[in-house]
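Worksheet: the structure to be examined is printed underneath.
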Amino acid sequence: ESVRHFYDLYGGSVKGKRVLVQGWGNVGAAAALYLTQRGAIITGIIDRVGGILRPEGLGLNEARELFLLKDGNHLSYSEMKPFDKVNASIWDVGADVFLPCAASRLVKEDQLDRMLHAGLEVISCGANVPFADSEIFYGPISEKADQSCAVIPDFIANCGMARVFGYLMGDGEVQLEDEHIFGDTSRCIQAAMERCHARNPERTGLSSTALSIALEQIV
């Protein structure tokens, strides 16, 4: 939803966008499935046990199959390539959208540079701290990414369960159907993205803008 709202606000469409996914657990697999429902294609998946390289793109049917076949939180696919082989070339395969949805502190500066060179436009953070920085919120790799493309921070992109708790504890009677719960989360993400866009309409600096707004609310 953060990727969809990003393109609605900053220009463009999810349809036809190339997506690279790091991690095929509950976050990455679901995000990839929903993006392909919107018309995106998956050009690469890297998981701890291996991955898939598909420059021409995986569509909705293939993403759904991979979602249903996953082994717990792991990618499971008969034609999966070894991790080392995928890791050596996936960062050059070409993607407009990168979803770091595995463990924190995995994305190295060289990998970021290669994705940017291959056309990266937006990073939507599923991992709490995706970049290999020692700093918690905003280290040198994170800052470089934020200055080079759109980086949607995890507290917006991956706010789902926290928002569900907030929704269920809200005043008055709440609807428990999935449509209402998902709709509320989407509107919360959209509102946060709109506040960022109102303060900074540029695609770069999105993460630092979101962080400054959040800190102002806390202080």
Side-chain angles (χ1 to χ4, degrees), residues 1-15 17 19 21-40 60 63-64 67-68 70 72-73 97-105 122-131 135-138 142 145-146 150-203 205-219:
E1 286 300 278
S2 68
V3 174
R4 180 171 71 87
H5 290 310
F6 168 81
Y7 281 113
D8 286 345
L9 285 166
Y10 291 83
S13 171
V14 169
K15 187 174 182 180
K17 294 297 182 184
V19 181
V21 187
Q22 182 184 47
W24 198 250
N26 293 331
V27 177
L33 177 63
Y34 289 132
L35 282 172
T36 56
Q37 285 181 342
R38 298 279 182 180
L60 174 57
R64 182 187 289 116
F67 181 90
L68 295 173
K70 68 187 181 81
N73 280 337
V97 179
F98 174 47
L99 306 178
C101 301
S104 291
R105 307 183 192 282
V122 58
I123 300 172
S124 182
C125 300
N128 293 336
V129 186
F131 304 104
E135 294 82 359
I136 295 176
F137 288 115
Y138 206 69
S142 175
D146 194 37
V151 180
I152 307 172
D154 71 292
F155 56 84
I156 294 178
N158 197 17
C159 72
M161 275 316 303
R163 182 56 215 162
V164 171
F165 295 145
Y167 172 75
L168 295 177
M169 293 187 293
D171 296 332
E173 184 176 350
V174 297
Q175 301 294 321
L176 298 180
E177 289 80 8
D178 55 0
E179 180 180 356
H180 294 279
I181 294 172
F182 279 113
D184 175 79
T185 301
S186 180
R187 287 189 294 273
C188 181
I189 293 171
Q190 181 180 12
M193 298 290 293
E194 287 175 345
R195 292 187 68 182
C196 291
H197 184 265
R199 180 171 296 192
N200 173 24
E202 301 296 327
R203 291 190 172 201
L206 195 161
S207 186
S208 57
T209 300
L211 185 59
S212 65
I213 293 173
L215 291 174
E216 289 168 9
Q217 290 178 310
I218 294 172
V219 175

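Residue numbers start at 1 and run along the sequence shown. In this text the structure is predicted, and so the values were computed from the model without any measurement.
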Spacing of [atom1] belonging to [X] relative to [atom2] belonging to [Y], to within rounding of 0.5 Å:
{"X": "D8", "Y": "M193", "atom1": "CG", "atom2": "CE", "answer": "9.5 Å"}
{"X": "L168", "Y": "L176", "atom1": "CG", "atom2": "CG", "answer": "6.5 Å"}
{"X": "I152", "Y": "L99", "atom1": "CD1", "atom2": "CG", "answer": "9.5 Å"}
{"X": "I136", "Y": "S142", "atom1": "CD1", "atom2": "OG", "answer": "12.5 Å"}
{"X": "T36", "Y": "R64", "atom1": "OG1", "atom2": "CZ", "answer": "7.5 Å"}
{"X": "N128", "Y": "S104", "atom1": "CG", "atom2": "OG", "answer": "5.0 Å"}

Any side-chain heavy-atom pair of [X] and [Y] under 4.5 Å:
{"X": "R4", "Y": "S186", "result": "yes"}
{"X": "K17", "Y": "L35", "result": "no"}
{"X": "V151", "Y": "P130", "result": "no"}
{"X": "R38", "Y": "E1", "result": "yes"}
{"X": "L211", "Y": "F155", "result": "yes"}
{"X": "M169", "Y": "V174", "result": "no"}

Minimum heavy-atom separation for [X] and [Y], please, with both atom names.
{"X": "W24", "Y": "A63", "answer": "CZ2-O, 4.2 Å"}
{"X": "G126", "Y": "C101", "answer": "CA-SG, 4.1 Å"}
{"X": "G11", "Y": "R203", "answer": "O-NH2, 2.7 Å"}
{"X": "S208", "Y": "Y138", "answer": "CB-OH, 3.6 Å"}
{"X": "S212", "Y": "R199", "answer": "OG-NH1, 3.5 Å"}
{"X": "V19", "Y": "A40", "answer": "CG2-CB, 3.9 Å"}

Next on the checklist: With a 6.0 Å cut-off (strictly less than), is the heavy-atom count around CD of E179, excluding the residue itself, greater than 12?
Outcome noted: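 It does not: E179 CD has 12 such atoms or fewer within range.
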
Next on the checklist: Does atom CG (L215) have a neighbourhood of more than 12 heavy atoms from anything else shown, all under 6.0 Å?
Outcome noted: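 Buried by this count: over 12 neighbours within 6.0 Å.
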
Next on the checklist: Going by side chain to side chain donor-acceptor pair (under 3.5 Å), name the pairs with one or both residues in residues 151-173, residues two or more places apart or in two chains.
Outcome noted: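 Checked against side chain to side chain donor-acceptor pair (under 3.5 Å) - neighbours excluded - the pairs reaching residues 151-173 are R163-D184.
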
Between the side chain of [X] and the main-chain N/O of [Y], is any donor-acceptor distance below 3.5 Å?
{"X": "H5", "Y": "A191", "value": "no"}
{"X": "N200", "Y": "T209", "value": "no"}
{"X": "N26", "Y": "N73", "value": "no"}

Next on the checklist: Between C196 and I156, is the side chain to side chain contact (heavy atoms under 4.5 Å, CB included) condition met? List the steps.
Outcome noted: CA-CA 11 Å; C196 291; I156 294 178; 4.2 Å; yes

Item to check | Inter- and intrachain pairs under ring pair (Phe, Tyr, Trp, His ring centres under 6.0 Å), touching residues 169-201, at least two apart | outcome: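 Non-adjacent pairs meeting ring pair (Phe, Tyr, Trp, His ring centres under 6.0 Å): Y10-H197.
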
